Visitor: 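The structure that follows is given in the form of structure tokens.
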There are 2 protein chains.
Amino acid sequence: MTETSLREDLQNLPRTDPALDRLVEEIIGRVADKWTMLLIEILTEQECCRFGELSRACPGISQKMLTQTLRAMERDGLVTRMVYPVVPPKVEYRLTDLGLGLSKAFCGVWLWAEANFEKIEKARSDYAAKAAVQDPS
Amino acid sequence: MTETSLREDLQNLPRTDPALDRLVEEIIGRVADKWTMLLIEILTEQECCRFGELSRACPGISQKMLTQTLRAMERDGLVTRMVYPVVPPKVEYRLTDLGLGLSKAFCGVWLWAEANFEKIEKARSDYAAKAAVQDPS
DNA sequence: ATTTATACTTACCCAAAAGAGAGTATGGAG
DNA sequence: CTCCATACTCTCTTTTGGGTAAGTATAAAT
């Protein structure tokens, strides 16, 4: 596929009405966030996870953010939350079909990032070099 | 495609080393942000834009955020910045091939959001209803 | 001489996001 | 009787994001 035809493809996406656009943008803003993406990836790799497992699989996340993100995902219908009334508590999370669909959609972005990280790093060092020449502090 | 085979497909993504994973995650965190996504969409629809055009096409963005986001995108090699040394100033932005690739990759997420926003809205109202039953304030 | 246009930059400020750390409930193991 | 495990929740503090408004440079138009 040439670059020109690709651009045409993208330009020919169905244009919807503005209200719908804003809704879709809101959803993307909500869903395209670091922790959500990471959790979706983890839950794609391992279908069923407890809170502690997710916490360990997601290095750097705080309990607070983990709870918060999982709640938002549950609210949006991306994960199910199974609470077992036992002690100590046990809660299992898994992706819904909707969540799995998002996982599949976002997969393209992961692949892009994996395929292009070298170009991005090069762009960054080029930019830094250029800035250093123009502004030798 | 069945759900099972889809999950298997996703699980069979090439697993890379942890350092690379972290790099890729950092890139996704950087790039999966509201303004970046909107600007990429605008620049996909209209190949070449001046600062003021982007500002008008991107309702709600402040000059500060527009400058900031464009600079980050330039740094990451997603857009080029053509400065014409005229007065009043004239600067043109356009996507690089790298940026266009991201646009294409992220396109799947837009389509997912457009296709599933009704399910998400339903999930949200269901969740709100359930919460109202459990916690009738 | 003054205004206009453009693409910023800088300084200041507020609100929201996120981290740290302690607290909670409770049955079972020792 | 004490401790542990789990999945939180709460409070407090720090960090970040992002808005507003003013300033800059200069050629051309009035």
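Within every chain, numbering begins at 1; the chains are lettered A, B, ... in the order of the sequence lines, protein sequences first and strands thereafter. Please read all numbers here as calculations on a predicted model, not as lab measurements.
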Visitor: About how many Å separate CD of A:Glu118 and CD of A:Glu121, when rounded to the nearest 0.5 Å?
Guide: 8.0 Å
Visitor: Show the distances under 3.5 angstrom between N or O atoms of the protein and N or O atoms of nucleotides 14-18 of chain D.
Guide:
{"from": "D:dG18", "atom 1": "N7", "to": "B:Lys64", "atom 2": "NZ", "distance (Å)": "3.0"}

Visitor: Expressed as a whole number of angstroms, how long is the span from A:Leu66:CG to D:dA7:P?
Guide: 10 Å
Visitor: Taking protein heavy atoms under 4.0 Å as touching, what does nucleotides 25-30 of chain D look like 5' to 3' if B marks base contact, S marks sugar-phosphate-only contact and - marks none?
Guide: -BS---
Visitor: Please round to the nearest 0.5 Å and tell me the distance separating atom NZ of B:Lys34 and atom CG of B:Leu38.
Guide: 7.0 Å
Visitor: Report yes if a side-chain nitrogen or oxygen of B:Arg81 is closer than 4.0 Å to either non-bridging phosphate oxygen (OP1 or OP2) of C:dA7; otherwise report no.
Guide: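 Answer is no, no contact under 4.0 Å.
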Visitor: Starting from P on C:dC8, measure out to CG on B:Leu54 and report it in whole angstrom.
Guide: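 Distance check: B:Leu54 CG to C:dC8 P gives 10 Å.
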Visitor: Evaluate the salt bridge (Lys or Arg N to Asp or Glu O under 4.0 Å) criterion for residues A:Lys90 and A:Glu53: first the C-alpha distance (whole Å), next the side-chain angles of each, then the deciding distance (0.1 Å), finally the verdict.
Guide: CA-CA 11 Å; A:Lys90 176 175 176 182; A:Glu53 293 179 279; over 6 Å; no
Visitor: Nearest-Å distance, CD (A:Glu74) to P (D:dC8)?
Guide: 10 Å
Visitor: Rounded to whole Å, please give me the gap between NZ in A:Lys90 and C1' in D:dT6.
Guide: 12 Å
Visitor: Is B:Tyr84 touching bases, backbone alone, or none of the nucleic acid, heavy atoms closer than 4.0 Å?
Guide: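 Nothing: the residue B:Tyr84, judged by heavy atoms under 4.0 Å, touches no strand.
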Visitor: Just grab all the side chain to side chain donor-acceptor pair (under 3.5 Å) pairs involving residues 56-67 of chain B, residues at least two apart or on different chains.
Guide: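 Residue pairs with at least one partner in residues 56-67 of chain B: there are none.
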Visitor: Look at the side chain of B:Ser55 and the backbone N and O of B:Phe51, then say whether any donor-acceptor pair between them is shorter than 3.5 Å.
Guide: no
Visitor: If you compare every side-chain N and O of B:Arg50 against the phosphate oxygens of C:dT6 (OP1, OP2), does one of them come in below 4.0 Å?
Guide: no
Visitor: I need the A:Leu78 CG to A:Thr36 OG1 distance, nearest 0.5 Å.
Guide: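 Here the interatomic distance stands at 8.0 Å.
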Visitor: Out of curiosity, B:Arg124 CZ to B:Asp126 CG, how far, rounded to the nearest 0.5 Å?
Guide: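 CG of B:Asp126 is found 12.5 Å from CZ of B:Arg124.
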Visitor: Rounding to an integer number of Å, can you tell me how far A:Met82 CE sits from D:dT6 C1'?
Guide: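 Distance check: A:Met82 CE to D:dT6 C1' gives 16 Å.
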Visitor: Tell me: CG of B:Leu70 to P of C:dC8, nearest whole Å?
Guide: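 Going from CG in B:Leu70 over to P in C:dC8 covers 7 Å.
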Visitor: Can you measure B:Glu53 atom CD to C:dT6 atom C1' for me and round it to whole angstrom units?
Guide: 12 Å
Visitor: Quick one: pull up CD1 in B:Ile42 and OG in B:Ser103 and give me the separation to the nearest 0.5 Å.
Guide: 11.5 Å
Visitor: Rounded to the nearest 0.5 Å, what separates atom OH in B:Tyr93 from atom CZ in B:Arg81?
Guide: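 Those atoms lie 4.5 Å apart.
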Visitor: Between B:Arg71 and C:dA7, does any side-chain N or O lie under 4.0 Å from OP1 or OP2?
Guide: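 No, no such contact exists.
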Visitor: Measure the distance from CD on A:Glu92 to P on D:dC8 and round it to the nearest whole Å.
Guide: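 Rounded to whole Å, this separation is 12 Å.
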